[in-house]
Structures are given as structure tokens and as C-alpha cells.
Amino acid sequence: MSPHPIAETVASLMPKAKAELTELVAFKSVADFEQYPKSESEAAANWVADALRTEGFQDVALLDTPDGTQSVYGYLPGPEGAPTVLLYAHYDVQPPLDEAGWATPPFELTERAGRWYGRGSADCKGGIVMHLLALRALKANGGVPVHVKLIAEGSEEQGTGGLERYAEEHPELLRADTIVVGDAGNFRVGLPTVTATLRGMTLVRLQIDTLEGNLHSGQFGGAAPDALAALVRVLDSLRSEDGSTTIDGLDADGVWEGLQYTDADFRGDAKVLDGVGLVGDGTVADRIWARPAVTVLGIDCPPVVGATPSVQAGARALISLRVPPGVDAADATKLLRAHLEAHTPWGARVSTEQIGQGQAFRADTTSPAYEAMAAALSEAYDGEKMQAQGMGGSIPLCNTLASLYPEAEILLIGLNEPEAQIHAVNESVSPEELERMSVAEALFLQRYATR
């Protein structure tokens, strides 16, 4: 059987896709302007805007969002009476972390062992290219059969909520019949998957103070209250003996029904060292998709190199809490802050500050759009049946869109399969996944137009 014309077109466009992703990855568009210049993010936004104009989008605009970043918007009209589909991705990226840990420079797209390496190659600059490929394939095969709105966010990774607030202030801008969020991914390379749930999140900064200043550990150690020791005690209280998250008053017994994740597969994907056990109880799917998970993201205390024999007067930590669907992130934040304050020992002074928050999300996988996506993914993946998974990460915009447009169907697809190692060193994208997911999106838009 000959390949579908859409698939043939996308295959012919892959060299251009690689060249474009190379250009996009080169922008150091980390939306933390204390780490990277704002000009890098602005240049990436302008690249996306220029790409939309080239593809015939109208009303292309750089939206100045309340968090000081820019989102890129464009509208591509379709046939009269056709439905409207919003395509989402984000051009901002996580910092590269330890650049020395990268086998190749993080902001230079590099092909190695059949994958393309670079920060943002999968999360989510690759998602932008995926949308462009799908639309180009449709234009070459009879035209785009729906009205398309495309939004590329500029601060998704920071969780600062700029686009959410902008959308709330301009509710008609992103209104659509269906929303395709291109910031998820397949459960495994070659296994077409939609993401049915997302955990929400909250970020809390914890500060503990005990002394007016550091003290000599020989002269005062043993009686003087050590702020760093107090911090360690508090952080340890967030987990039980087996590593399960234990925050006073927060339910942690959720169960995931559906696609399962074996311990062996998870160990391989997470690259857990030999002999080191997984934490928590229940299935892996329970733990990463249906239950809360606390992570200490950073601690401010003296580094080992240059440390002096001192009792520490103050210490602080940044704590992330992921919460599953059914748990209100604001309520979880209150419980986390109350837990931290209640478990601070020795009467130490404690303060907590919330610096980010996003709600969990659950999609309706029985909708007509999901039926169209299931058929499109199966065709793009040679008959493989579409699977539905959860995702432990958060995309706060999803709940904002669901609240603004309760009748809209929201689908989550993308390029973030386990081998992509998003947010870690040596992030990469599979070009085969990029090609097939672009085909699937194009086929979906065709099928959805005639639903």
C-alpha cells in the first residue's frame, strides 16, 4: 500500500524541519532573565512570528503578557463554516543545567545516534515545528480544512502564569472548538499516546532563621540552634520511611486505572542506579500520575568547598509539590505551608512564600475530537492503537483554557517521550516521532473538519 500523500509530504519537509529546529534551538530562550538575556527570548518570539507570517497567518502579534514575557499569536482562516482549532506550544525552555554534562553544546542542534540533541528540541520548540509541518502538509494536499489559531507561549517553564492571565483578560482571543496542546508526548517511541491527565503544582520557598549570625561550631555547637539542621529536619518530614510524600492533611492514596508503567521500564527511563530502590508504594503509575509528589528543588546553604566550621544562622529551600487531578492546588499549597511551619523544630523562625502554582487537569477522552485523533494516530503509526496516559508534569494553561471555554475539547500530544529526557542534560527529539506526530496532527485536522 502506498504511503498517504500527507505522509509523503511531511517526509519531504523533514530537512527543512531540521534546519528550522536548529535555528530555534540556538536561541537561549530561558524566561528567567537573571540567567539569560531577555533579548534571547525576544529573538525566539520574533522567529516564531516570522514563521507564522510566512505560512499566511493573519493578525500575527507578539502579546506582552503580565509576567514580562511575550506569547506569539496568529490566525489562519479556513473554509467558511469550518470549526476552529487552537494549536499550542511554547518556545521558552529550561536552563541547560550543567553544560559540562552535555555531550554536545545544549544550544546547538546536533544529530547523534539517530536523534537530534539540544535544549528545547522536544520541549517544546519541536512542538512548534510539528505544528508547522502539519499545516504545510495540509496546504500541499488540498488546503487547511479548519480555522487555525496558533499560540506559542514564552514562559511556560517558569510557571509565572503570564499567558493564563492574558487569556483571562482577552477571553475571545483563544476561543476554539478544539485545542491541541503540543507539549506532551508518547508513552514510548512508536506507541501513539494522548495524555489524559496532568498533575498540578505549587512552588514554595521556605526560610528558617535561628541566630543573629553564624557561630563557631566548636565554641557554640551542641547547644546553639543550627538553622541548616532545622531545615534538614523539616524537609525529612515531607516523606515517609519508604519515600512516599507525607504532607499533613493531603490525600496520597490515588490509584491509576489504565495504561501501566512497569518498575523495570521506569528504572530504565529514569536511569536509576543499580541497587537503588524506587520510592513510595503502589504502582509506578499510581505514584507519578495519581498521587502528590514533593521534590526539594534547591537549598541555600554553604557549599562544601570553602565551608567554615560554623553553626548556620539561616537556611532556605525551594520546594515543589505536584498534585493529581481532584486536588485543588491552592488547598495543597495551604497544607504544604502549614506542614512546613508545624514541623519546624526548636521554635526556629520560619517563613514560607508561594512563588508559583498551577491546577491539575483531566481531559474528556470520549469526545469526538479524541475519536478523530485516535484514528489519525493509528494511521500515522501503521495501525498501532492509541493509548491514554497520565503525565506527572503540569501545563497550567490547560485549566485556564478549560475554564474559559468549557465546551472546547482539549487534546494533549507531543514529542516528550522518555528518551527525550526533557528538563535534563542531553535533551533530544526523535526525528521519526516528529515526522509521525506531524502526520498524525495533519490527519486529525482533516478528520476533525468533517466530524
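Only a predicted model underlies this, so the values are computations on that prediction, with no experimental measurement involved. Below, each value reflects all heavy atoms present in this structure, side chains not excepted, and no hydrogens, waters or symmetry copies.
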Checklist line | Interatomic distance, Y405 atom OH to T400 atom OG1 [nearest 0.5 angstrom] | finding: 9.5 Å

Margin query: Would you say that W102 contacts T110 through its side chain, given a criterion of any heavy-atom pair below 4.5 Å between the two side chains?
Written below: no

Check: Taking 4.0 angstrom as the limit, do R233 and D236 come out as a salt bridge?
Finding: no

Notebook entry, point to check: Is the closest basic N to carboxylate O distance between K149 and E172 below 4.0 Å?
Noted result: no

Next item on the list: Would you check if the side chain of R119 reaches a backbone N or O of Q94 as a donor-acceptor pair within less than 3.5 Å?
Entry: yes

Margin query: Assess the residue pair D64 and Q70 against the criterion (side chain to side chain contact (heavy atoms under 4.5 Å, CB included)); give the C-alpha distance rounded to whole Å, side-chain angles, the decisive distance to 0.1 Å, and a yes or no.
Written below: CA-CA 5 Å; D64 293 318; Q70 294 178 318; 3.2 Å; yes

Next item on the list: Indicate yes or no for a side-chain donor-acceptor contact from R287 to the backbone of T283 under 3.5 Å, with no hydrogens or angles considered.
Entry: yes

Next item on the list: Kindly determine whether V181 and L397 satisfy side chain to side chain contact (heavy atoms under 4.5 Å, CB included), including the steps that lead there.
Entry: CA-CA 10 Å; V181 176; L397 181 66; over 6 Å; no

Item checked: Any donor-acceptor N/O pair, Q260 side chain to G258 backbone, under 3.5 Å -> yes

Note to self: Regarding E409 and S367, do their side chains bring together a donor and an acceptor under 3.5 Å, going by distance alone?
What the structure shows: yes

Note to self: When you compare the side chains of Q357 and T333, does any donor N or O come within less than 3.5 Å of an acceptor on the partner?
What the structure shows: yes

Next item on the list: Say whether, by atom type as modelled, one donor and one acceptor occur between the side chain of T193 and the main chain of L191 under 3.5 angstrom.
Entry: yes

Checklist line | Heavy atoms of other groups near K139 NZ, more than 12 under 6.0 Å | finding: yes

Check: Should L206 and L231 count as side-chain neighbours, where that means a heavy-atom distance under 4.5 Å?
Finding: yes

Next item on the list: Specify the closest pair of heavy atoms between L445 and L135, including all atoms of both residues, with the distance to one decimal.
Entry: CD1-CD2, 4.2 Å

Notebook entry, point to check: From L235 CG over to T295 OG1, what is the distance, rounded to the nearest 0.5 angstrom?
Noted result: 11.5 Å

Next item on the list: Show the numbers, then the answer: is there a side chain to side chain contact (heavy atoms under 4.5 Å, CB included) between T245 and R291?
Entry: CA-CA 9 Å; T245 294; R291 296 180 181 177; over 6 Å; no

Notebook entry, point to check: Does a donor on one side chain sit under 3.5 Å from an acceptor on the other, for E433 and N186?
Noted result: yes

Item checked: Closest contact, heavy atoms only, V279 versus G243 -> CB-CA, 3.9 Å

Check: Of the non-hydrogen atoms in L411 and Y370, which two are nearest, and what is the gap between them?
Finding: CA-OH, 3.5 Å

Check: How far apart are the C-alpha atoms of L401 and Y88, what are their side-chain angles, what is the distance that settles it, and do they pass the side chain to side chain contact (heavy atoms under 4.5 Å, CB included) test?
Finding: CA-CA 11 Å; L401 297 177; Y88 168 89; 5.8 Å; no

Note to self: Looking at V284, is its backbone amide N or carbonyl O close enough to the side chain of D263 to form a donor-acceptor pair, meaning the two atoms are under 3.5 Å apart?
What the structure shows: no

Next item on the list: Give a yes or no on this: more than 12 heavy atoms of other residues, nucleotides or ligands lie within 6.0 Å of atom NZ of K28.
Entry: no

Next item on the list: Report the relative orientation of the aromatic rings in Y75 and H147; use parallel for angles under 30°, tilted for 30 to 60°, perpendicular for over 60°.
Entry: parallel

Note to self: Test your reading of the model: is there a side-chain donor-acceptor pair from Q389 to the backbone of G185, 3.5 Å cut-off?
What the structure shows: yes

Margin query: As an exercise, state the distance from CG of D32 to OG of S155, rounded to the nearest 0.5 Å.
Written below: 11.5 Å

Next item on the list: Only counting residues at least two apart or in another chain, list the ones meeting side-chain contact (heavy atoms from CB on, under 4.5 Å) with R136.
Entry: L13, K16, E20, E55, L132

Item checked: salt bridge (charged side-chain N to carboxylate O under 4.0 Å, His left out) partners for E432, two or more places apart -> none

Notebook entry, point to check: How close do A317 and V296 get, heavy atom to heavy atom, and via which atoms?
Noted result: CB-CG1, 4.5 Å

Notebook entry, point to check: Backbone N or O of I288 within a donor-acceptor pair of the R199 side chain at under 3.5 Å?
Noted result: yes

Next item on the list: Determine the minimum heavy-atom distance between V425 and P96, stating which atoms define it.
Entry: CG1-O, 3.9 Å

Note to self: I want to check something: taking the side chain as every heavy atom from C-beta on, are I355 and L318 in contact at a cut-off of under 4.5 Å?
What the structure shows: yes

Note to self: Is any side-chain heavy atom of I151 closer than 4.5 Å to one of L174?
What the structure shows: yes

Checklist line | Side-chain donor or acceptor of Y261 paired with backbone N/O of D286 under 3.5 Å | finding: no

Next item on the list: For the residue pair H170 and Y166, categorise the inter-ring angle as parallel (less than 30°), tilted (30 to 60°) or perpendicular (more than 60°).
Entry: parallel

Check: Do T9 and N141 have side-chain N/O donor and acceptor atoms under 3.5 Å apart?
Finding: yes

Item checked: T262: partners by side chain to side chain donor-acceptor pair (under 3.5 Å), with sequence neighbours left out -> D265

Next item on the list: Run through R205, R316, Q207, R337 and flag the one making a side chain to side chain donor-acceptor pair (under 3.5 Å) with E353.
Entry: R205

Check: Can you find a pair of side-chain heavy atoms, one from Q359 and one from V323, that are under 4.5 Å apart?
Finding: no

Margin query: I'd like to know if the side chain of K18 and the backbone of P431 have a donor-acceptor N/O pair within less than 3.5 Å.
Written below: no

Checklist line | Option among E157, K125, H90 that satisfies the side chain to side chain donor-acceptor pair (under 3.5 Å) test with S29 | finding: K125

Checklist line | E168/R165 salt bridge by N-O under 4.0 Å criterion | finding: no

Note to self: Is there a side-chain contact between D92 and T69 in this structure, where contact means two heavy atoms from C-beta onward sitting under 4.5 Å apart?
What the structure shows: no

Notebook entry, point to check: Charged N to carboxylate O under 4.0 angstrom, R436 versus D382?
Noted result: yes

Next item on the list: In plain terms, say whether D269 and R188 are close enough for a salt bridge, that is, a side-chain N and a carboxylate O under 4.0 Å apart.
Entry: yes

Checklist line | Minimum heavy-atom distance V48-Y91, with the two atoms named | finding: CG2-CB, 4.4 Å

Next item on the list: Output the distance between atom CD (E379) and atom CE (M386), rounded to the nearest 0.5 Å.
Entry: 14.5 Å

Check: Roughly how far apart are E435 CD and M14 CE, rounded to 0.5 Å?
Finding: 5.0 Å

Notebook entry, point to check: Does the side chain of V148 reach to within under 4.5 Å of the side chain of L87, using non-hydrogen atoms?
Noted result: yes

Next item on the list: Any chance you could measure Y36, atom OH, to S41, atom OG, to the nearest 0.5 Å?
Entry: 11.0 Å

Notebook entry, point to check: Taking the side chain from N416 and the backbone from D183, do they hold a donor-acceptor pair closer than 3.5 Å?
Noted result: yes

Margin query: Quick one, V93 and D123 - any side-chain contact, counting heavy atoms below 4.5 Å?
Written below: no

